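Input: a single structure, listed below in C-alpha coordinates.
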Amino acid sequence: MNALPVKSVDEILAAVENFPRLPAAVADILRTLDDENAEVDYLARKIQGDTGLLADVLRMANSPRYSIRGGVADVKKAVVVLGFNAVRNLASVVGISAHFREAGKGHDAFDLDRYMQHSIGVACCAKFLPHKSRNEADTAFVCGLLHDMGQLAIAFSMPDEFRMIVGYQMENDCHFSEAEQAVLGVDHAWIGAQLANRWNFPDAICEAIGGHHRITGEAPSRMADMVHVAEVLSHALDFGEYGEIPPLSGDAMLRLGLSFHQLRPLFGKIENEYCGYSEMLGVH
Amino acid sequence: MKTYGRNIPLELAEPGMKLASNICNQQGQVLVETGVELSEALLRALLKRGIGHVTVLYEDKRSEDELAAERAKVLDRLNTLFRNAGQDEMLDSLYQQVLEYRLEILA
(Lines give C-alpha, C1' and ligand atoms only; values in the text may rest on other atoms or scores of the structure.)
Protein backbone atom coordinates (compact mmCIF):
# COMPACT_ATOMS: atom_id res chain seq x y z
CA MET A 1 0.00 0.00 0.00
CA ASN A 2 2.89 2.37 0.71
CA ALA A 3 5.04 1.27 -2.19
CA LEU A 4 4.17 4.38 -4.23
CA PRO A 5 4.84 7.99 -3.31
CA VAL A 6 1.51 9.75 -2.68
CA LYS A 7 0.62 12.14 -5.50
CA SER A 8 -0.51 15.69 -4.82
CA VAL A 9 -3.67 17.01 -6.46
CA ASP A 10 -1.54 18.99 -8.91
CA GLU A 11 0.44 15.89 -9.83
CA ILE A 12 -2.79 13.95 -10.36
CA LEU A 13 -4.15 16.72 -12.59
CA ALA A 14 -0.91 16.85 -14.55
CA ALA A 15 -0.96 13.07 -14.99
CA VAL A 16 -4.51 12.90 -16.33
CA GLU A 17 -3.69 15.69 -18.77
CA ASN A 18 -2.09 12.89 -20.81
CA PHE A 19 -5.45 11.19 -21.20
CA PRO A 20 -6.33 11.67 -24.88
CA ARG A 21 -9.10 14.14 -25.70
CA LEU A 22 -12.27 13.04 -27.41
CA PRO A 23 -11.97 13.68 -31.17
CA ALA A 24 -13.05 17.26 -31.97
CA ALA A 25 -16.03 16.12 -34.07
CA VAL A 26 -17.44 14.02 -31.22
CA ALA A 27 -16.92 16.81 -28.67
CA ASP A 28 -18.66 19.28 -31.02
CA ILE A 29 -21.60 16.90 -31.36
CA LEU A 30 -21.87 16.61 -27.56
CA ARG A 31 -21.91 20.41 -27.31
CA THR A 32 -25.11 20.48 -29.42
CA LEU A 33 -26.88 18.89 -26.41
CA ASP A 34 -26.80 22.37 -24.94
CA ASP A 35 -28.63 23.82 -27.90
CA GLU A 36 -32.35 23.18 -28.41
CA ASN A 37 -32.01 24.60 -31.93
CA ALA A 38 -29.15 22.39 -33.09
CA GLU A 39 -29.45 21.79 -36.80
CA VAL A 40 -29.26 18.72 -38.98
CA ASP A 41 -26.75 20.43 -41.29
CA TYR A 42 -24.35 21.02 -38.43
CA LEU A 43 -24.63 17.44 -37.17
CA ALA A 44 -24.18 16.03 -40.70
CA ARG A 45 -21.15 18.27 -41.31
CA LYS A 46 -19.51 17.19 -38.04
CA ILE A 47 -20.02 13.48 -38.77
CA GLN A 48 -18.89 13.81 -42.39
CA GLY A 49 -15.81 15.77 -41.34
CA ASP A 50 -14.44 12.80 -39.42
CA THR A 51 -13.87 9.85 -41.75
CA GLY A 52 -13.71 7.25 -38.99
CA LEU A 53 -16.85 8.55 -37.31
CA LEU A 54 -18.71 8.73 -40.63
CA ALA A 55 -17.83 5.13 -41.48
CA ASP A 56 -18.86 3.92 -38.01
CA VAL A 57 -22.13 5.85 -37.99
CA LEU A 58 -23.15 4.56 -41.43
CA ARG A 59 -22.13 1.00 -40.54
CA MET A 60 -24.25 1.12 -37.39
CA ALA A 61 -27.17 2.87 -39.11
CA ASN A 62 -27.18 -0.02 -41.57
CA SER A 63 -26.95 -2.70 -38.86
CA PRO A 64 -29.89 -5.02 -38.12
CA ARG A 65 -30.71 -2.92 -35.05
CA TYR A 66 -32.30 -0.29 -37.27
CA SER A 67 -33.19 -2.49 -40.25
CA ILE A 68 -33.61 0.41 -42.66
CA ARG A 69 -35.05 -0.83 -45.93
CA GLY A 70 -32.54 -0.30 -48.74
CA GLY A 71 -30.00 0.99 -46.23
CA VAL A 72 -28.65 4.55 -45.93
CA ALA A 73 -25.57 5.83 -47.73
CA ASP A 74 -25.33 9.29 -46.16
CA VAL A 75 -25.92 11.03 -42.87
CA LYS A 76 -28.82 13.20 -44.05
CA LYS A 77 -30.76 10.18 -45.26
CA ALA A 78 -30.11 8.55 -41.87
CA VAL A 79 -31.54 11.64 -40.16
CA VAL A 80 -34.63 11.51 -42.39
CA VAL A 81 -35.24 7.84 -41.53
CA LEU A 82 -34.11 7.65 -37.90
CA GLY A 83 -34.56 11.24 -36.73
CA PHE A 84 -32.10 13.86 -35.52
CA ASN A 85 -31.95 12.60 -31.91
CA ALA A 86 -31.33 8.98 -32.88
CA VAL A 87 -28.49 9.91 -35.24
CA ARG A 88 -26.93 12.23 -32.67
CA ASN A 89 -27.10 9.44 -30.05
CA LEU A 90 -25.62 7.02 -32.54
CA ALA A 91 -22.74 9.39 -33.36
CA SER A 92 -22.16 9.97 -29.63
CA VAL A 93 -22.13 6.30 -28.70
CA VAL A 94 -19.89 5.15 -31.57
CA GLY A 95 -17.55 8.14 -31.19
CA ILE A 96 -17.21 7.76 -27.42
CA SER A 97 -16.83 3.97 -27.47
CA ALA A 98 -14.19 4.08 -30.23
CA HIS A 99 -12.29 6.63 -28.15
CA PHE A 100 -12.56 4.55 -24.97
CA ARG A 101 -11.40 1.44 -26.84
CA GLU A 102 -8.34 3.26 -28.14
CA ALA A 103 -7.48 4.76 -24.73
CA GLY A 104 -8.09 1.49 -22.85
CA LYS A 105 -5.88 -0.63 -25.13
CA GLY A 106 -2.96 -2.31 -23.41
CA HIS A 107 -3.96 -1.45 -19.83
CA ASP A 108 -4.21 -4.94 -18.42
CA ALA A 109 -5.63 -4.04 -15.02
CA PHE A 110 -8.51 -2.21 -16.71
CA ASP A 111 -11.39 -4.43 -17.83
CA LEU A 112 -12.45 -2.47 -20.90
CA ASP A 113 -15.37 -4.67 -21.91
CA ARG A 114 -16.88 -4.52 -18.47
CA TYR A 115 -16.36 -0.77 -18.37
CA MET A 116 -18.15 -0.46 -21.72
CA GLN A 117 -21.00 -2.67 -20.51
CA HIS A 118 -21.36 -0.52 -17.42
CA SER A 119 -21.24 2.77 -19.35
CA ILE A 120 -23.84 1.54 -21.86
CA GLY A 121 -25.97 0.15 -19.03
CA VAL A 122 -26.03 3.44 -17.13
CA ALA A 123 -26.66 5.34 -20.39
CA CYS A 124 -29.69 3.16 -21.18
CA CYS A 125 -31.09 3.47 -17.64
CA ALA A 126 -30.57 7.25 -17.68
CA LYS A 127 -32.24 7.57 -21.07
CA PHE A 128 -35.44 5.88 -19.89
CA LEU A 129 -35.92 7.82 -16.66
CA PRO A 130 -38.81 10.31 -17.01
CA HIS A 131 -37.49 13.42 -18.79
CA LYS A 132 -38.71 16.94 -19.43
CA SER A 133 -37.59 16.96 -23.06
CA ARG A 134 -35.91 14.92 -25.80
CA ASN A 135 -32.76 16.96 -25.27
CA GLU A 136 -32.72 16.03 -21.61
CA ALA A 137 -33.12 12.34 -22.47
CA ASP A 138 -30.23 12.56 -24.98
CA THR A 139 -28.06 14.42 -22.48
CA ALA A 140 -28.80 11.80 -19.83
CA PHE A 141 -27.80 9.06 -22.29
CA VAL A 142 -24.47 10.74 -23.08
CA CYS A 143 -23.82 11.48 -19.38
CA GLY A 144 -24.33 7.79 -18.69
CA LEU A 145 -21.75 6.93 -21.34
CA LEU A 146 -19.21 9.38 -19.94
CA HIS A 147 -19.92 9.30 -16.20
CA ASP A 148 -17.02 7.00 -15.27
CA MET A 149 -14.45 8.29 -17.76
CA GLY A 150 -12.34 9.38 -14.79
CA GLN A 151 -11.72 5.67 -14.08
CA LEU A 152 -10.34 5.15 -17.56
CA ALA A 153 -8.25 8.30 -17.18
CA ILE A 154 -6.72 6.93 -13.96
CA ALA A 155 -5.99 3.55 -15.58
CA PHE A 156 -4.45 5.31 -18.57
CA SER A 157 -2.33 7.92 -16.86
CA MET A 158 -1.60 6.34 -13.45
CA PRO A 159 -1.55 2.58 -14.09
CA ASP A 160 0.36 1.74 -10.88
CA GLU A 161 -2.10 3.65 -8.71
CA PHE A 162 -4.96 2.06 -10.63
CA ARG A 163 -3.69 -1.43 -9.77
CA MET A 164 -3.48 -0.41 -6.13
CA ILE A 165 -7.06 0.89 -6.22
CA VAL A 166 -8.29 -2.40 -7.68
CA GLY A 167 -6.36 -4.29 -4.98
CA TYR A 168 -7.73 -2.08 -2.21
CA GLN A 169 -11.27 -2.57 -3.43
CA MET A 170 -10.91 -6.36 -3.55
CA GLU A 171 -9.37 -6.47 -0.10
CA ASN A 172 -12.00 -4.27 1.51
CA ASP A 173 -15.08 -5.24 -0.56
CA CYS A 174 -15.83 -1.52 -0.82
CA HIS A 175 -17.09 0.78 -3.54
CA PHE A 176 -14.55 1.85 -6.17
CA SER A 177 -14.75 5.52 -5.14
CA GLU A 178 -13.81 4.63 -1.60
CA ALA A 179 -10.75 2.75 -2.84
CA GLU A 180 -9.79 5.71 -5.05
CA GLN A 181 -10.11 8.10 -2.11
CA ALA A 182 -7.88 5.83 -0.03
CA VAL A 183 -5.16 5.60 -2.70
CA LEU A 184 -5.37 8.98 -4.47
CA GLY A 185 -7.34 11.23 -2.11
CA VAL A 186 -9.74 12.03 -4.98
CA ASP A 187 -12.13 9.82 -6.95
CA HIS A 188 -12.96 9.19 -10.62
CA ALA A 189 -16.01 11.48 -10.47
CA TRP A 190 -13.84 14.43 -9.54
CA ILE A 191 -11.16 13.56 -12.11
CA GLY A 192 -13.77 13.03 -14.83
CA ALA A 193 -15.35 16.40 -14.11
CA GLN A 194 -11.95 18.13 -14.30
CA LEU A 195 -11.40 16.61 -17.75
CA ALA A 196 -14.94 17.39 -18.93
CA ASN A 197 -14.48 21.02 -17.86
CA ARG A 198 -11.17 21.31 -19.66
CA TRP A 199 -12.74 19.85 -22.77
CA ASN A 200 -15.51 22.47 -22.64
CA PHE A 201 -18.34 19.99 -22.36
CA PRO A 202 -21.78 21.45 -21.60
CA ASP A 203 -22.20 22.27 -17.90
CA ALA A 204 -24.89 19.60 -17.48
CA ILE A 205 -22.40 16.90 -18.53
CA CYS A 206 -19.56 18.22 -16.33
CA GLU A 207 -21.89 18.40 -13.32
CA ALA A 208 -23.31 14.94 -13.91
CA ILE A 209 -19.83 13.38 -14.15
CA GLY A 210 -18.66 15.22 -11.03
CA GLY A 211 -21.79 14.71 -8.93
CA HIS A 212 -22.92 11.18 -9.71
CA HIS A 213 -21.58 9.73 -6.44
CA ARG A 214 -22.36 12.69 -4.19
CA ILE A 215 -24.90 11.35 -1.76
CA THR A 216 -24.45 13.73 1.15
CA GLY A 217 -23.95 17.47 1.48
CA GLU A 218 -24.78 19.99 -1.18
CA ALA A 219 -27.39 18.79 -3.68
CA PRO A 220 -25.89 18.03 -7.08
CA SER A 221 -27.57 19.00 -10.36
CA ARG A 222 -30.67 17.30 -11.77
CA MET A 223 -28.53 15.50 -14.37
CA ALA A 224 -26.12 14.27 -11.66
CA ASP A 225 -29.13 12.93 -9.73
CA MET A 226 -30.31 11.13 -12.83
CA VAL A 227 -26.95 9.50 -13.53
CA HIS A 228 -26.69 8.56 -9.85
CA VAL A 229 -30.08 6.80 -9.87
CA ALA A 230 -29.36 5.28 -13.30
CA GLU A 231 -26.10 3.83 -12.00
CA VAL A 232 -27.77 2.19 -9.00
CA LEU A 233 -30.48 0.78 -11.27
CA SER A 234 -27.93 -0.49 -13.77
CA HIS A 235 -26.12 -2.39 -11.00
CA ALA A 236 -29.42 -3.83 -9.78
CA LEU A 237 -30.15 -5.04 -13.33
CA ASP A 238 -26.63 -6.50 -13.26
CA PHE A 239 -25.31 -4.81 -16.40
CA GLY A 240 -21.59 -5.50 -16.50
CA GLU A 241 -21.94 -7.91 -13.57
CA TYR A 242 -20.03 -5.73 -11.14
CA GLY A 243 -21.52 -7.57 -8.22
CA GLU A 244 -22.53 -4.79 -5.89
CA ILE A 245 -25.15 -2.07 -5.58
CA PRO A 246 -23.51 1.27 -4.75
CA PRO A 247 -25.02 3.46 -2.01
CA LEU A 248 -28.23 5.20 -3.11
CA SER A 249 -29.16 8.78 -2.30
CA GLY A 250 -32.79 8.80 -1.20
CA ASP A 251 -32.67 12.59 -1.63
CA ALA A 252 -31.82 12.20 -5.33
CA MET A 253 -34.89 9.97 -5.76
CA LEU A 254 -37.06 12.52 -3.95
CA ARG A 255 -35.69 15.46 -5.92
CA LEU A 256 -36.47 13.62 -9.16
CA GLY A 257 -39.85 12.53 -7.79
CA LEU A 258 -39.08 8.88 -8.57
CA SER A 259 -39.90 5.53 -7.01
CA PHE A 260 -38.62 2.14 -8.19
CA HIS A 261 -42.17 0.89 -8.26
CA GLN A 262 -42.89 3.52 -10.89
CA LEU A 263 -39.75 2.58 -12.87
CA ARG A 264 -40.52 -1.15 -12.84
CA PRO A 265 -42.47 -1.17 -16.18
CA LEU A 266 -39.34 0.30 -17.83
CA PHE A 267 -36.99 -2.56 -16.85
CA GLY A 268 -37.82 -4.61 -19.95
CA LYS A 269 -37.33 -1.64 -22.29
CA ILE A 270 -34.05 -0.77 -20.61
CA GLU A 271 -32.76 -4.32 -20.97
CA ASN A 272 -33.74 -4.42 -24.63
CA GLU A 273 -31.98 -1.14 -25.28
CA TYR A 274 -28.90 -2.34 -23.41
CA CYS A 275 -28.78 -5.60 -25.37
CA GLY A 276 -29.27 -3.71 -28.65
CA TYR A 277 -26.37 -1.31 -28.05
CA SER A 278 -24.08 -4.01 -26.65
CA GLU A 279 -24.69 -6.19 -29.67
CA MET A 280 -24.25 -3.30 -32.09
CA LEU A 281 -20.96 -2.23 -30.48
CA GLY A 282 -19.69 -5.79 -30.04
CA VAL A 283 -19.40 -5.47 -26.26
CA HIS A 284 -19.63 -8.80 -24.46
CA MET B 1 -46.36 -25.02 -21.65
CA LYS B 2 -45.42 -21.59 -20.30
CA THR B 3 -44.81 -18.78 -22.73
CA TYR B 4 -42.94 -15.51 -22.50
CA GLY B 5 -42.50 -12.48 -24.75
CA ARG B 6 -39.15 -11.70 -26.32
CA ASN B 7 -38.16 -8.65 -28.30
CA ILE B 8 -36.27 -9.70 -31.45
CA PRO B 9 -35.05 -7.98 -34.63
CA LEU B 10 -37.60 -8.30 -37.42
CA GLU B 11 -35.27 -10.40 -39.58
CA LEU B 12 -35.22 -13.12 -36.91
CA ALA B 13 -39.04 -13.24 -36.83
CA GLU B 14 -40.55 -16.18 -38.70
CA PRO B 15 -43.99 -16.96 -40.08
CA GLY B 16 -46.02 -18.81 -37.46
CA MET B 17 -44.68 -16.83 -34.50
CA LYS B 18 -47.29 -15.01 -32.41
CA LEU B 19 -47.05 -11.42 -31.23
CA ALA B 20 -46.66 -10.91 -27.48
CA SER B 21 -47.29 -7.17 -27.71
CA ASN B 22 -48.81 -4.67 -30.13
CA ILE B 23 -46.72 -3.36 -33.01
CA CYS B 24 -46.99 0.41 -33.11
CA ASN B 25 -45.67 3.03 -35.52
CA GLN B 26 -43.54 5.94 -34.35
CA GLN B 27 -46.67 7.96 -33.58
CA GLY B 28 -47.82 5.20 -31.21
CA GLN B 29 -50.69 4.00 -33.40
CA VAL B 30 -51.28 0.26 -33.22
CA LEU B 31 -50.46 -1.40 -36.56
CA VAL B 32 -50.86 -5.05 -35.50
CA GLU B 33 -52.40 -6.30 -32.28
CA THR B 34 -51.08 -8.72 -29.66
CA GLY B 35 -51.85 -12.36 -30.40
CA VAL B 36 -51.74 -12.06 -34.20
CA GLU B 37 -49.75 -14.80 -35.94
CA LEU B 38 -47.02 -13.54 -38.24
CA SER B 39 -47.29 -14.52 -41.92
CA GLU B 40 -44.87 -14.01 -44.84
CA ALA B 41 -47.05 -11.18 -46.14
CA LEU B 42 -47.26 -9.48 -42.75
CA LEU B 43 -43.49 -9.70 -42.25
CA ARG B 44 -42.95 -8.10 -45.68
CA ALA B 45 -45.40 -5.32 -44.79
CA LEU B 46 -43.63 -4.66 -41.46
CA LEU B 47 -40.26 -4.51 -43.23
CA LYS B 48 -41.69 -1.92 -45.65
CA ARG B 49 -42.98 0.12 -42.73
CA GLY B 50 -39.48 0.22 -41.26
CA ILE B 51 -40.38 -1.79 -38.13
CA GLY B 52 -37.06 -2.89 -36.58
CA HIS B 53 -38.09 -5.12 -33.69
CA VAL B 54 -41.12 -7.20 -32.71
CA THR B 55 -42.02 -8.92 -29.45
CA VAL B 56 -43.04 -12.52 -30.06
CA LEU B 57 -44.18 -15.37 -27.83
CA TYR B 58 -41.70 -18.10 -27.03
CA GLU B 59 -42.49 -21.36 -25.35
CA ASP B 60 -40.57 -22.05 -22.21
CA LYS B 61 -39.43 -25.64 -22.53
CA ARG B 62 -37.88 -25.83 -19.06
CA SER B 63 -39.28 -28.29 -16.53
CA GLU B 64 -40.71 -27.19 -13.17
CA ASP B 65 -37.49 -28.32 -11.47
CA GLU B 66 -35.33 -26.33 -13.87
CA LEU B 67 -37.49 -23.25 -13.32
CA ALA B 68 -37.21 -23.65 -9.56
CA ALA B 69 -33.41 -23.86 -9.89
CA GLU B 70 -33.46 -20.68 -12.03
CA ARG B 71 -35.57 -18.88 -9.42
CA ALA B 72 -33.12 -19.89 -6.70
CA LYS B 73 -30.25 -18.56 -8.85
CA VAL B 74 -32.01 -15.22 -9.34
CA LEU B 75 -32.58 -14.87 -5.62
CA ASP B 76 -29.01 -15.81 -4.83
CA ARG B 77 -27.60 -13.28 -7.28
CA LEU B 78 -29.81 -10.47 -6.00
CA ASN B 79 -28.78 -11.22 -2.42
CA THR B 80 -25.15 -10.98 -3.50
CA LEU B 81 -25.73 -7.69 -5.32
CA PHE B 82 -27.55 -6.17 -2.33
CA ARG B 83 -25.28 -7.67 0.36
CA ASN B 84 -24.00 -4.28 1.53
CA ALA B 85 -27.27 -2.38 1.04
CA GLY B 86 -28.16 -2.39 4.75
CA GLN B 87 -31.51 -1.07 5.94
CA ASP B 88 -32.66 1.28 3.22
CA GLU B 89 -36.29 1.60 2.29
CA MET B 90 -35.63 2.61 -1.32
CA LEU B 91 -33.03 -0.09 -1.92
CA ASP B 92 -35.48 -2.60 -0.41
CA SER B 93 -38.03 -1.43 -2.95
CA LEU B 94 -35.48 -1.71 -5.78
CA TYR B 95 -34.65 -5.25 -4.64
CA GLN B 96 -38.35 -6.18 -4.62
CA GLN B 97 -39.03 -4.68 -8.05
CA VAL B 98 -36.05 -6.38 -9.69
CA LEU B 99 -36.92 -9.68 -8.00
CA GLU B 100 -40.52 -9.53 -9.26
CA TYR B 101 -39.29 -8.57 -12.72
CA ARG B 102 -36.84 -11.49 -12.84
CA LEU B 103 -39.31 -14.01 -11.42
CA GLU B 104 -42.11 -12.99 -13.77
CA ILE B 105 -40.90 -15.19 -16.61
CA LEU B 106 -39.87 -17.99 -14.25
CA ALA B 107 -43.19 -18.24 -12.40
Side-chain angles (χ1 to χ4, degrees), chain A residues 61 63-72 80-83 85-86 125 172-175 178 215 229 232-254 256 258-276 279-280, chain B residues 4-13 20-28 43-58 70 73-106:
Chain A
S63 72
R65 178 175 157 77
Y66 297 102
S67 37
I68 302 173
R69 189 167 56 110
V72 284
V80 170
V81 181
L82 300 173
N85 297 72
C125 291
N172 295 280
D173 190 25
C174 64
H175 191 253
E178 218 180 303
I215 58 168
V229 170
V232 174
L233 180 57
S234 120
H235 282 291
L237 291 172
D238 219 0
F239 298 148
E241 299 179 2
Y242 271 78
E244 193 190 351
I245 309 284
L248 169 71
S249 158
D251 288 343
M253 293 288 287
L254 292 175
L256 295 173
L258 292 177
S259 74
F260 288 115
H261 182 259
Q262 166 202 358
L263 296 177
R264 158 78 179 82
L266 302 172
F267 291 177
K269 279 187 190 167
I270 292 172
E271 276 200 327
N272 274 335
E273 188 81 352
Y274 170 77
C275 292
E279 199 178 312
M280 186 178 86
Chain B
Y4 61 96
R6 210 166 135 193
N7 195 260
I8 58 169
L10 189 67
E11 57 268 36
L12 295 183
S21 64
N22 292 338
I23 298 178
C24 299
N25 64 12
Q26 293 199 329
Q27 286 73 44
L43 286 170
R44 274 198 303 275
L46 292 174
L47 191 66
K48 272 190 193 160
R49 286 258 186 179
I51 299 295
H53 283 70
V54 290
T55 307
V56 294
L57 277 181
Y58 273 85
E70 288 289 328
K73 231 198 265 173
V74 162
L75 195 62
D76 202 39
R77 181 62 183 162
L78 268 184
N79 288 337
T80 302
L81 289 175
F82 282 80
R83 69 189 178 284
N84 290 335
Q87 297 273 320
D88 182 305
E89 212 175 295
M90 287 206 192
L91 285 180
D92 278 351
S93 158
L94 177 59
Y95 175 96
Q96 273 309 322
Q97 299 302 328
V98 176
L99 182 64
E100 281 171 29
Y101 169 66
R102 296 269 180 245
L103 292 186
E104 214 166 64
I105 60 165
L106 298 170

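Chain naming here is simple, since letters A, B, ... match the order of the sequence lines and numbering starts at 1 in each. When reading the values below, keep in mind they use all heavy atoms of this one structure, side chains included, and skip hydrogens, waters and symmetry mates. Just so you know, these numbers come straight off a predicted model, no measurement behind them.
- Within 6.0 Å of atom CD in A:Q262, more than 12 heavy atoms from other residues, nucleotides or ligands are found, so the atom counts as buried in its surroundings.
- Nearest heavy-atom pair across B:Y101 and A:G268 is OH-CA, 3.4 Å.
- Heavy atoms of B:L12 lying under 4.5 Å from chain A are absent altogether.
- For the options A:E244, A:H261, A:R264, heavy-atom pairs under 4.5 Å to chain B are most numerous at A:R264.
- Here B:R102 is the residue among B:Q96, B:R6, B:R102, B:R49 with the most heavy-atom pairs under 4.5 Å with chain A.
- With a 4.5 Å cut-off on side-chain heavy atoms, B:V98 and A:F260 do not count as touching.
- Distance check, rounded to the nearest 0.5 Å: CD1 of A:I245 to CG of B:L78 gives 7.5 Å.
- Inter-residue side-chain proximity for B:L94 and A:H235 is flagged as unmet; no heavy-atom pair is nearer than 4.5 Å.
- Screening residues 86-97 of chain B for salt bridge (charged side-chain N to carboxylate O under 4.0 Å, His left out) gives no qualifying pairs among residues at least two apart or on separate chains.
- The structure places CD1 of B:I8 at 11.0 Å from CG of A:N272, a figure rounded to the nearest 0.5 Å.
- Highest contact tally toward chain A, considering only B:G86, B:S93, B:P9, is held by B:S93 [criterion: heavy-atom pairs under 4.5 Å].
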Stepwise side-chain contact (heavy atoms from CB on, under 4.5 Å) check, A:L254 with B:M90
CA-CA 10 Å; A:L254 292 175; B:M90 287 206 192; 4.1 Å; yes
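- Residues B:N84 and A:D173 are in side-chain contact: their nearest non-hydrogen atoms beyond the backbone lie under 4.5 Å apart.
- Contacts between A:E271 and chain B at a heavy-atom distance below 4.5 Å involve the side chain alone, from C-beta outward.
- Contact annotation for A:L263: neither backbone nor side-chain heavy atoms come within less than 4.5 Å of a heavy atom of chain B.
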